[in-house]
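Both ligands and their constituent atoms are indexed starting at 1 by order of listing. FYI, side chains are in, hydrogens and waters are out, and symmetry mates aren't considered; it's all heavy atoms of this structure. From a predicted model like this one, the values you see are computed outputs, not experimental measurements.
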Amino acid sequence: MSEDKKVLDLEQRKQKIFCGGGTKAIEKQKAMGKLTARERIIALLDKDTFQEYDIFVKHDNIDFGMQDKDLPGDGVIIGTGTICGSPVAVFAQDFTVAGGSLGFMHARKITKIMDYALNMRIPLIGINDSGGARIQEGVNALAGYGEIFFRNTLSSGVIPQISVILGPCAGGAVYSPALTDFVFVVENISKMFITGPAVIKTVLGEEISDEELGGARVHAEQTGNAHFFAHSEDECFEQIRTLISMLPANNAQKAEKVAPAEPLPQYKIEDVVPADPAQPYDVRDVIKSIVDDSEFMEVMELFAANIVVGFARINGETVGFVANQPLVLAGVLDCDSSDKAARFIRFCDAFNIPIITLEDLPGYLPGIDQEHAGVIRHGAKMLYAYSESTVAKITIIMRKAYGGGYIAMGSRHLRSDFVFAWPQAEIAVMGAEGAANIIFRKEIMEAEDPKEMRRLKIQEYREKFANPYVAASKGYIDAVIAPAETRKFIVDALKVAASKYSGRPKKKHGLPPF
Ligand code: HXC
């Protein structure tokens, strides 16, 4: 064969594989509002940057008639490309080929690209769209999952790992995304569950739709498995591109600096927070009044909304925000918000992203539900995450900082490097009303006018503690600052912390309260 013919032959072989599972299967995929696996990768990556590997890999299963089945690419596409100019490794399961099911060679392709990602120290993005373990391959398929889970764990904290759920992700297959750092879901397309509707009907006799069981909203709002929710695949890819642009490629680097378009944020902090401590406000507006171009990428927006976490830039540098949200449950800490914050803090710490904490909370949510749901165990995760983290930590106490909440929200005592408080900050064991009821109970009961006595005692307690100056007198906070000075103090603190050194005792690993 001449050289030209060999090149033509290569092209024809590739074109055959690019047809995936064939016209009918692709039509079915499109009818569900889904792109094909290759289209997804092209939409996600920078134009013309995708390099595909292992196109010609074939499965070698001969059981259950599989020897006659030609499965193009064995149902998964792997390769590398760039996002905003930065290299990433990617795989996408092709549902049009045997339902994207995971057989031995399919898993080998995924583990190969995972190894590339880890060795090259670049982010890994996995697009999941699969019926799970390829049933005809038995234990070989299960072994494939085990190899993937092991690599997810090995890569954890070394490179960012992103999972995108764009179809079914059923059975044990869900655990690879669960081991990664960020899970993206799309309304009406993503489905994640351990046991599907058919099994539930058989075992429990209950009818449930796959959407109700494990649709995108379920995971974004209720289970906390998903970190980003989109209405379409295109929106989802845009979210991933934004996120990648804010992260470093690995744990030995810092995220690339990006100069802001405007010198100062568009929002004014003084206009956001009401003077009356009982008045709620949206803490995201405070964040937008501090960060470059007022742009904030919120993580887990729909889950445990009483705490807000996410990424932004300050003076071009990526930072992570952890902020109480007074709009939801007055910003209290509970099981879910502690979990959410702890995981985010650990991600920032692993990838050299400074953490900025905005504090305004009345404490932990009281009640039997929380106690029985394990608020002690979950709340401890947050204490652990803040104490363990060695990146630069800056805390701003805006209004309330009561009790356990004061300690948990990045206090000096958990080694925040800079703690600033606004003049209206209230730092106390609890709110003045509750405190007066307990410590002045006798005086109030025995007073001629108990109501007036209570009012006086509340005032007395508030004057003593409902300010930042007692904490400032002990050096627990570094400076009392006007709200308008917040961005400047953070900018200066980030400069000082750029060369931060933080030693910790040697150990194999700690034991966070998982
Ligand atoms: C082999 C599979 C498959 C699988 C789907 N297919 N799942 N082949 N192994 N796990 C094939 C179908 O036979 C069909 O082939 C094609 O993919 C498309 O599937 P359909 O059923 O026609 O598609 P749809 O109606 O959209 O239903 C999608 C589905 C359903 C809901 C995902 O296919 C399904 O329930 N699959 C099985 C899910 C499951 O139980 N997986 C095992 C989970 S246990 P043809 O040739 O007809 O086009 C597991 C253990 C992992 O994963 C443990 C790790 C620790």
Residues two or more places apart in sequence or in another chain: which of them pass ring-ring contact (aromatic ring centres under 6.0 Å, His included) with Phe91?
none

Contact check: Tyr145 vs ligand 1, nitrogen or oxygen atoms, below 3.5 angstrom:
no

Any non-hydrogen protein atom less than 4.0 Å away from atom 7 (N) of ligand 1
yes

Parallel, tilted or perpendicular: which describes the rings of His413 and Tyr406, with under 30° parallel and over 60° perpendicular?
perpendicular

Contact check: Phe95 vs ligand 1, nitrogen or oxygen atoms, below 3.5 angstrom:
no

Using a plain distance cutoff, I'd like to know if Ile135 has any nitrogen or oxygen under 3.5 Å from a nitrogen or oxygen of ligand 1.
yes

Relative to each other, are the rings of Phe311 and Phe344 parallel, tilted or perpendicular (30° and 60° limits)?
tilted

So which protein heavy atom does atom 44 (S) of ligand 1 come closest to, and at what separation?
Gly171 CA, 4.3 Å

Look at ligand 1 and say whether Met32 reaches it with a heavy atom at a distance under 4.0 Å.
no

Whether Ala98 lies under 4.0 Å from ligand 1, heavy atom:
yes

Hey, does Phe149 sit under 4.0 Å from ligand 1 if you only count heavy atoms?
yes

Side chain or backbone of Asp210 under 4.0 Å from ligand 1, or both, or neither, by non-hydrogen atoms?
neither

Check each heavy atom of Ala133 against ligand 1 and say whether those closer than 4.0 Å belong to the side chain, the backbone, both or neither.
both

Walk me through whether Phe229 and His231 qualify under ring pair (Phe, Tyr, Trp, His ring centres under 6.0 Å).
CA-CA 7 Å; Phe229 174 90; His231 298 92; 5.3 Å; yes

Does a side-chain N-to-carboxylate-O contact under 4.0 Å join Arg40 and Asp129?
yes

Salt bridge or not for Lys500 and Asp417, using N-O below 4.0 Å?
yes

Taking only non-hydrogen atoms of Lys191, do any sit less than 4.0 angstrom from ligand 1?
no

